[in-house]
K.L.:
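Take a look at this one; I'll ask things after.
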Amino acid sequence: MALSANDAFSGAGGGGRRRRYGRNRRSALSEINVTPLVDVMLVLLIVFMISAPLLTAGVPLELPKTEAGAIREAEAPVSIAIRADGAVFVQDKATPFEALGPALAAAASGDPARQVFVRADGRAAYADVARVMAALSVRGYRNLNLITETGGPPAGPPPQAPAVRPGTP
């Protein structure tokens, strides 16, 4: 009796092979579909990338630009913000000028050696900034930093080396 290629998979012969192939088709897949996981992770990445810059500064200010570079933070400093209208904020909480001392002491944990960052709007009155700086100085805070935007106009021409006249030592 002659068998064709189609007969090998029919019920007439090769039944052992048929059961083996049938079992592999019905077994559970052992692979994990990672496409939905990647989609969710990309959405989360985009959400965090958009929301992270919004969490950095609580009081919107227009900082003046200077040529000084950015500073490196060693510990979490105390932040004081002065808006253009003269309103004072200690760690993003509105504080009347009369209550600046107690609010600052609470934010700095009573440590006058702690860094204090003063962020003043470029349109704020000089008198308001000077009053806050004087209040900080009177209370013993000496590690004061004025925060500005980088990339401003240069303060002046770079220093020139003194000209040496020929024949002079």
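Please read all numbers here as calculations on a predicted model, not as lab measurements.
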K.L.:
Could you report the tightest heavy-atom contact between Pro64 and Ala120, atom names first, then the distance?
P.N.:
CD-O, 3.5 Å
K.L.:
Looking only at heavy atoms, what is the nearest atom pair of Arg139 and Gly101, with distance?
P.N.:
NE-CA, 3.0 Å
K.L.:
Distance check, rounded to the nearest 0.5 Å: Arg119 atom CZ versus Leu146 atom CG?
P.N.:
12.0 Å
K.L.:
Can you establish whether the number of heavy atoms outside Leu45 located under 6.0 Å from its atom CG is more than 12?
P.N.:
yes
K.L.:
Test of understanding: with side-chain contact (heavy atoms from CB on, under 4.5 Å), list the residues that count as partners of Asp85, not counting sequence neighbours.
P.N.:
Arg83, Ala87
K.L.:
Within a strict 4.5 Å, meaning less than it, do heavy atoms of the Leu136 and Ile80 side chains meet?
P.N.:
yes
K.L.:
Identify all side-chain donor-acceptor contacts of residues 124-133 below 3.5 Å with residues at least two apart in sequence or on another chain.
P.N.:
none

K.L.:
Given Val118, which of Val88, Ile82, Asn145 fulfils the side chain to side chain contact (heavy atoms under 4.5 Å, CB included) condition?
P.N.:
Ile82
K.L.:
Kindly write out the residues that satisfy side-chain contact (heavy atoms from CB on, under 4.5 Å) with Ser109, not counting sequence neighbours, or none if the list is empty.
P.N.:
Arg114
K.L.:
Please determine whether residues Phe97 and Val116 belong to a single hydrophobic cluster, defined as Ile, Leu, Val, Met, Phe, Trp and Tyr linked transitively by side-chain heavy-atom distances below 4.5 Å.
P.N.:
yes
K.L.:
What pair of heavy atoms forms the shortest contact from Tyr141 to Ala108, and how long is it?
P.N.:
OH-CB, 3.7 Å
K.L.:
What pairs of residues pass the side chain to side chain donor-acceptor pair (under 3.5 Å) test when at least one of them lies in residues 35-48, not counting sequence neighbours?
P.N.:
Asn33-Thr35
K.L.:
Mind listing the closest non-hydrogen atom pair of Val90 and Ala107 along with its distance?
P.N.:
CG1-CB, 3.9 Å
K.L.:
To the nearest 0.5 Å, tell me how far Leu104 CG sits from Gln91 CD.
P.N.:
9.0 Å
K.L.:
Measuring from Leu100:CG to Phe89:CZ, what's the distance to the nearest 0.5 Å?
P.N.:
12.5 Å
K.L.:
For Ala99, which residues count as a side-chain contact (heavy atoms from CB on, under 4.5 Å) partner, sequence neighbours excluded?
P.N.:
Thr95, Pro96
K.L.:
Apart from Ile46 itself, what residues make up its hydrophobic cluster, given side-chain heavy atom links below 4.5 Å?
P.N.:
Ile50
